[in-house]
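One structure is given below, encoded as structure tokens.
Note that this is a predicted model, so its numbers are computed, not measured. Numbered from 1 within each chain, the chains take letters A, B, ... in sequence-line order.
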Amino acid sequence: MGKHRESRHEESSKHKRHKDDKKYESRPGTSKTSYSKRHKRYSDSDSSDEQSGVEKQRLQDLRERDEFAERLKLKDKEKTRNIVTGFDKKAYEEAAKRLKLESDDRNKIIPKLRIESRRKYLEKRKDDKVAELEADIIDDEFLFQEDELTERERKDREHKKKLLQLAKEHEKARELEKVQRYHMPHDARKGKTEEKYEEVDEREKAPHYEQRKWEEEQMSSAVFRFGARDAKEKRIKDEGKDYDLVLDDQIEFIQALTLPGTKDEKDDEEKLSETQKKRLTLEETRRSLPIFPFKEDLIQAVKDHQVLIIDGETGSGKTTQIPQYLYDAGFTKDKKKIGCTQPRRVAAMSVAARVAEEMSVKLGNEVGYSIRFEDCTSERTIIKYMTDGTLHREFLSEPDLQSYSVMIIDEAHERTLHTDILFGLVKDIARFRPDLKLLISSATLDAQKFSDFFDEAPIFRIRGRCFPVDIYYTKAPEADYIDACVVSILQIHATQSLGDILVFLTGQEEIETCQELLQERVRRLGSKIKELIILPVYSNLPSDMQAKIFLPTPPGARKVVLATNIAETSLTIDNIIYVIDPGFCKQNNFNSRTGMESLIVVPISKASANQRAGRAGRVAAGKCFRLYTAWAYQHELEENTIPEIQRINLGNAVLTLKALGINDLVHFDFLDPPPHETLVLALEQLYALGALNHHGELTKLGRRMAEFPVDPMMGKMLLASEKYKCSEEILTISAMLSVNGAIFYRPKDKIIHADTARKNFFAVGGDHLTLMNVYNQWAETDFSTQWCYENFIQHRSMKRARDVREQLAGLMERVEIELVSNPTETANIRKAITAGYFYHVARLSKGGHYKTVKHQQTVTIHPNSSMFEDLPRWVLYHELVFTTKEFMRTVSEIESKWLLEVAPHYYKPRELEDSTNKKMPKQVGKSRAELGDH
DNA sequence: GAGCACTGC
């Protein structure tokens, strides 16, 4: 590994950082002369070995790199000029025309498709319902003897049986006639949607409108189901009797403390006003926010200090109000923007929409947002919301944030990788841009830490709005927390007043198990308890099923949401009064020594536990049941979750920082520095990939790689596709890899179907080509949703892959690579993959298991791989994940000689010799090419 | 023969 010649940050460590402002001149992009300056320095310092060919090459490469960077800047500039001179008007009109054409086209096809899909759906629903009814009757008869039943229950059973009989007769008649009967011709809702469709609807022009609409339909049919179930509940009410429920295995909870809220139950007037909020004028609502009284103080504080830490609790209104206050105070007068970063896309979008409404401007004009795949800003934008990752990438084209007067980093306590890196970058910039104001907004616990990091910046406190939550702990530790969850849910359901329950579990499997257990118990209890609606939610769940958790709970019933961490921050469910917290979550960890990721269940932190508890106090006073003891909370939980930057592979982050001219990463000013080995590994890999030269400087190749928002290995693969004339294919594979793990949907009850469907896509050569196959087939059906359903493919992931592909295609053009397609040249495609991932290679050893070439580590092909039964001698894997074993996920077969071709500096022929060749059984370890199957 | 939390560019 080369030494870092240029150590910009060497002397600017925490203690003496104000002293050497001159150094910032050397950063590329900060001034027009910076590139030549850097060059001069290189030639001066290296004059001794300047004559050598290697050195000449290096300088040549650096020159080309900077020329490339200049071209990029020029391109960016031209883009902005076009907007200003109004050239965009023509483009806009053309785009509008295209959009109209497209929608005209769709107008013809879509209604038909919609009817068809609705018909199929209803048919399937009918079948499901009949099966459900049948099962219900069987269960009922199994569980309860005839003489144990009340009059009403007996009638209920008879009614069900009759229904089933009718349904079956109907079906028989239909089969006999061999004709399709009508399908709900008078469905009121359908008529309405069709009517709605004919209207000129602005939303229709938005991308993916069709999907959303389809999902809406799915949702509304779900409402009906709730309505039907509700009938049982009503009967109980009418008869005015209920059962006293005695659970056999109760858990004993003790209340330990109350998470104080700023509101209490008596605040009824306020609660009322919440429901009437819509009727209030926007101005009145703004005035009612807790932040409002602090407006003047806040503006003054921003004027007085360059960096301000905002300690604002949830519900204080900080995210929407602060930018507006600063706008009122004239911080945008010199045509500079106020920026505000969010960790999530939806947040950036919805907050921007809200602020645009409050300021009565059109979204995208004065107020806009910018997220990946969607830039909703214009040259008029002065308040810009964006995701932290977007700002991170904006640094590449504007390293000094010249167009901003204020930058707000919101939700800083979440400590995402991007915010963590932003801290270092903005702190750096603030030193040579005294006019730039920084606001870091964070939760209470971390405020002091941020203040320390930003040179004792003052903390500005704003109280939020939330209700108190009572915290309960178990008296003794629970052995099986899933079972404990089920018992607690029933306990709450039987003994506590109405209000929905939120349960935090670790993953899909756990949620499904819990759901089954719970359903079983509820069924056994029958009408002895009120209706309990059980809903799962995790990110891989199809969005129409996710949407169900937001439907209002029918009166008299209770909703219980079984969720992963997704409900901790990413989505908020209304009316949650009870939270059950077993105290675990799945966490990703990267081991830089082995290059292996692991995804294992770990105890949560105290901060996380409190965040979860807080979810119970959003609409009224709530209760949180922790399935661990108070002692465990005090002594066994960490204070905070380990920040992401210390847990994940930093390949892409390091490359971006290098491209920003930050050469000495070891001394970069991190709030919490990542492990040294992680940085070293990232640098080593970048060097092996050719992104850095032996001096540790960014090469032209590295500069081009940095343009892609992907891991360095994938970036290299994309660039290598130029040489192997398969850029289109590599684009597809890259896009599919970027959404990996979420393409094949495997519901527990249809695993066999799902697996057969998956196996139909298997391609010779391995999983990479299989992924390409999936995408291409989907593209051939014109990106059909129905096709995805039939093949157990996650439509959402595919749409995402399409977006990613589009973006990467644009970037290919940007880095001056032509798009060409050679789909049948599968060897070339795999060579291009190898050019990026030669680091990730394993070979079959004598014992019939794989060893990584780099670390001689024993690894296994993941059973979901198409290569699982093939066992080729040489394989390339996309990632190494430890779950129950060390698994290679997404595996393709390669030939060892390719390694010498694509990475001669990294592999020596001797390493790749197959000493084990002759001892191997005939079929095992023979590559397909050698078997003549190529 | 396993079983991938959650974001984001």
Handout entry: Contacts of type side-chain contact (heavy atoms from CB on, under 4.5 Å), residue Arg345(A), not counting sequence neighbours
Key = Ile371(A), Arg372(A), Phe373(A), Glu374(A), Thr387(A)
Problem - Closest to side chain of Arg344(A), choosing from dT7(B), dC9(B), dG1(B) - result: dT7(B)
Exercise for the section: Provide the full list of salt bridge (charged side-chain N to carboxylate O under 4.0 Å, His left out) pairs with a residue in residues 638-652 of chain A, sequence neighbours left out, each pair given once. Expected result: Lys606(A)-Glu639(A)
Practice task
For Ile566(A), answer base if it contacts any base atom (sugar-phosphate contacts may also be present), sugar-phosphate if it contacts only those atoms, and nothing otherwise; contact means non-hydrogen atoms under 4.0 Å.
Solution key: sugar-phosphate
Exercise for the section: Would you tell me if any nitrogen or oxygen in the side chain of Arg393(A) comes within less than 4.0 Å of OP1 or OP2 on dG8(B)? Expected result: no
Problem - Gln519(A) atom CD, over 12 foreign heavy atoms within 6.0 Å - result: yes
Exercise for the section: Report which part of the nucleic acid Ile371(A) touches: base, sugar-phosphate, or nothing (heavy-atom distance under 4.0 Å, all strands). Expected result: sugar-phosphate
Practice task
May I ask you to verify if any side-chain N or O of Thr387(A) is less than 4.0 angstrom from the OP1 or OP2 atom of dC9(B)?
Solution key: yes
Handout entry: Phe68(A) six-ring centre to Arg703(A) NZ/CZ under 6.0 Å and within 45° of normal
Key = no
Practice task
Determine the contact category for Phe887(A): base if any of its heavy atoms lies under 4.0 Å from a base atom, sugar-phosphate if only primed atoms, P, OP1 or OP2 are that close, otherwise nothing.
Solution key: sugar-phosphate
Exercise for the section: Compare side-chain N and O positions of Thr416(A) against OP1 and OP2 of dT7(B) and report whether any pair is under 4.0 Å apart. Expected result: no
Practice task
For dC6(B), take OP1 and OP2 only and decide whether either is under 4.0 Å from a side-chain N or O of Ser570(A).
Solution key: no
Practice task
Could you state the atom-to-atom distance from CD of Glu509(A) to C1' of dA2(B) in whole Å?
Solution key: 9 Å
